[in-house]
Amino acid sequence: MGSQASGSQAAGAQAGGRVRSFSRILRVTQPNRADVIALVLLIGIAALLVRGAEGVAEPLSRLRIEPVTLDPRYLPYYALRTVIRMFAALAASLVFTLVVATLAARSRRAGQIIVPMLDILQSVPILGFLTFTVTFFMGLFPGQILGVELAAVFAIFTSQAWNMAFSFYQSLRSVPSDLDEVTRGFALSPVRRFLRLDLPFATPSLVWNAMMSMSGGWFFVVASEAITVGNTTVTLPGVGSWLALAIARKDFGAIGLAVVAMGIVILLYDQLVFRPVVAWADRFRFEQTASTERPRSWAYDLFRRTRLLPVLFAPVTALGRLLLTLDRGGARPRERRVREPGIVLERLWQATILVAVLAALWLAGRYVFSTLRVSDAVAVFGLACITMLRVVVLIALASLVWVPIGVWIGLNPKWAERLQPVAQFLAAFPANVLFPFAVIAIVHWRLSPDIWLSPLMILGTQWYILFNVIAGASAIPTDLREAAGMFGVRGWQWWRQVALPGVFPYYVTGALTASGGSWNASIVAEAVSWGTQRVEAHGLGTFIAKATEAGDYPRVALGIAVMSMFVIAFNRLVWRPMYAFAERRLRLA
């Protein structure tokens, strides 16, 4: 009887355990209100993606049959197509950043090639990329809209990737030394170090720079959607092509509708994408004590309460765990061996780089000077000096304005939450909208274009400084700020010993990308038009813009080469020493 009783008790216990497990499964899988709202949002986003991607696979003749019009009914669809292109470019920029910037930061030899290449690529204007890439992508998919779409996405990618790559590179180079020693002590493999230290530490800054890159893409959206290179003219459905058509027709009403549509779109993706990501990324801030004020997001709180979303994203998390399981490099601590490369090998590597650079310069010079003369190069050099003067003055003025404002916003999360969509809208505001007013004012009052067109260069790039300073100020550890308050550090002493050292590495990244972006923006800011009226300022941007419109590829190549030389020289003489100073003296430890 005793054995039967014990057996029945065991069976009852097993049955009860199964019931409790089943009830827990039901509680987890039973959708609540948050699950319903989240699923509705995801289904709506998926439906919009399908709707926006419908026209991508159609033949190129469709663009001639259904050209872009200024009918307000089509504006929401145009905005959808533009946003899809920008998020596709942002995803490509993120992958590029994680791979290339990590390789540059962790391999000295790779960094010797990658960092100068980033300097060159960020200086190459979008029109310069379009000149050579439109034909390439259209050749990949002949007669299909997909080829032109890829060219537009690549053009937007070139306005987003460099800022994110420089930000991630700067973060990896400034990892606190004590955390670096911990990873060395545990002999973490490169994969585990990246997932456990590098990526979490760099995430807050990367998120802010991703927002800036997204907004910066709007600045060049006209050039990327209304493509004109020589005799090739392609206009894709989008807000950028709407703006180009409205400016050509002098339609202020259509321009106003485009600005309103941009504001609505920016507000939507700020609430549904970037603000939740900012709130999530705050958990990775490097600090000893918890912050009393943290960024908030209703969408992030909603997604955290869901039960079905973790089930939907389980394959992604399982893939991450599988990668860590397969990576056995960090399973056992082992003695780290530092092997210095031999002098002969190092000299051979440097010689290889030098030969490659000289070969590239020889090929470029041979192509350019086959049709141009040395006097043309001297004239372009003088135009580049004029543009450089504008860039230096504008970066200095933008720094004086936005560094104090960025520090104040970054140290006040409540205000950062309120001003985040405003800053994104201002950063995304395309300078093309202001071209009519600039042309009308210059013509009416007979102003000098060399002076009054200059502010247009900084409109879209000054925000790189603001967003990076906000990221740097928000990354200042709470315990450091509390210690400064306890010791009565205030006024100029607080700026000199706490604020400016804390944001300086981030400011260098912002100023570097802002200066490169200003050179890029000179293409569209030094030569502006309103209908049939055209106003031009003397500078390298005007030279490249006119050569691109005429399809004069040797002059385009000459202008891009000179611009790249100026940007690289300025980066090497100014920004790189600042980077080295930040790594050496202003690193958290």
Side-chain angles (χ1 to χ4, degrees), residues 167-168 170-185 196-209 211 275 277-297 300-301 399-420 422-423 465-511 578-589:
S167 168
F168 200 73
Q170 176 268 323
S171 297
L172 298 188
R173 297 288 293 179
S174 59
V175 171
S177 56
D178 50 353
L179 295 182
D180 185 67
E181 289 296 328
V182 169
T183 59
R184 294 176 184 272
R196 301 299 188 190
L197 175 60
D198 293 340
L199 184 59
F201 180 79
T203 292
S205 176
L206 181 61
V207 169
W208 280 98
N209 279 277
M211 285 192 292
R275 187 166 295 184
V277 174
V278 169
W280 167 79
D282 187 70
R283 66 172 66 187
F284 301 115
R285 286 180 57 189
F286 177 72
E287 56 187 6
Q288 302 289 338
T289 59
S291 176
T292 56
E293 296 182 355
R294 292 189 175 276
R296 295 175 300 173
S297 168
Y300 178 66
D301 295 335
S399 301
L400 291 176
V401 172
W402 294 116
V403 168
I405 295 176
V407 170
W408 178 75
I409 295 176
L411 296 180
N412 294 273
K414 291 183 179 179
W415 278 102
E417 180 181 343
R418 299 169 186 171
L419 297 177
Q420 179 178 319
V422 178
I465 298 176
L466 175 63
F467 276 71
N468 276 277
V469 171
I470 291 175
S474 62
I476 296 177
T478 304
D479 49 352
L480 180 61
R481 290 152 52 186
E482 291 177 351
M486 291 173 59
F487 285 100
V489 179
R490 295 182 178 86
W492 172 242
Q493 183 184 12
W494 181 83
W495 281 94
R496 184 169 57 87
Q497 297 182 346
V498 179
L500 293 180
V503 303
F504 185 78
Y506 299 86
Y507 165 77
V508 174
T509 299
M578 289 186 177
Y579 257 130
F581 176 78
E583 293 176 13
R584 185 175 64 253
R585 299 290 301 274
L586 303 177
R587 189 175 181 181
L588 289 172

> Side chains of Tyr507 and Ile465: closer than 4.5 Å at any heavy-atom pair?
Replying inline: yes
> Measuring from Leu400:CG to Ile405:CD1, what's the distance to the nearest 0.5 Å?
Replying inline: 11.0 Å
> Hey, what do you get for CD (Gln497) to CG (Leu480), rounding to the nearest 0.5 Å?
Replying inline: 10.5 Å
>> Would you compute the distance between atom OG1 of Thr203 and atom CG of Asp282 and round it to the nearest 0.5 angstrom?
In response: 11.5 Å
> Do Trp408 and Leu419 have side-chain heavy atoms sitting under 4.5 Å apart?
Replying inline: yes
>> Ignoring hydrogens, what is the shortest heavy-atom contact between Val207 and Ala281? Give both atom names and the distance.
In response: CG2-CB, 3.9 Å
>> Does any part of the side chain of Phe168, heavy atoms only, come nearer than 4.5 Å to the side chain of Leu199, both counted from C-beta?
In response: yes
>> Minimum heavy-atom separation for Pro505 and Gly502, please, with both atom names.
In response: CD-O, 4.0 Å
>> To check you understand the geometry: which heavy-atom pair defines the closest contact between Tyr300 and Arg283, and what is its length?
In response: OH-NH2, 2.9 Å
>> Could you tell me if the side chain of Arg481 sits less than 4.5 Å from the side chain of Ile476, heavy atoms only?
In response: yes
> Just how far is it from atom CG of Asn468 to atom OG of Ser167, taken to the nearest 0.5 Å?
Replying inline: 6.0 Å
> Are Trp495 and Pro404 close enough that some pair of their side-chain heavy atoms sits under 4.5 Å apart?
Replying inline: yes
>> Between Ser205 (side chain only) and Ala202 (backbone N and O only), is there a donor and an acceptor less than 3.5 Å apart?
In response: no
> Do Gln170 and Tyr506 have side chains that get closer than 4.5 Å, going by heavy atoms?
Replying inline: yes
> How far does CH2 of Trp402 sit from CD1 of Ile409, to the nearest 0.5 angstrom?
Replying inline: 7.5 Å
> Is the shortest heavy-atom distance from the side chain of Leu500 to the side chain of Trp492 under 4.5 Å?
Replying inline: yes
> What are the two closest non-hydrogen atoms of Phe201 and Ser171, and how far apart are they?
Replying inline: CE2-O, 3.4 Å
>> For Trp280 and Phe284, take the angle between the two ring planes, folded into 0 to 90°, and tell me which bin it lands in: parallel under 30, tilted 30 to 60, perpendicular over 60.
In response: perpendicular
> For Val469 and Val407, which heavy atoms make the closest approach, and how far apart are they?
Replying inline: CG1-N, 3.5 Å
> Does the side chain of Val489 come within less than 4.5 Å of Trp494's, by heavy atoms?
Replying inline: yes
>> Apply side-chain contact (heavy atoms from CB on, under 4.5 Å) to residues Met211 and Val278 and explain how you reach the verdict.
In response: CA-CA 10 Å; Met211 285 192 292; Val278 169; 3.8 Å; yes
> Where is the tightest heavy-atom contact between Pro204 and Pro200, given as atom of each residue plus distance?
Replying inline: CD-O, 3.6 Å
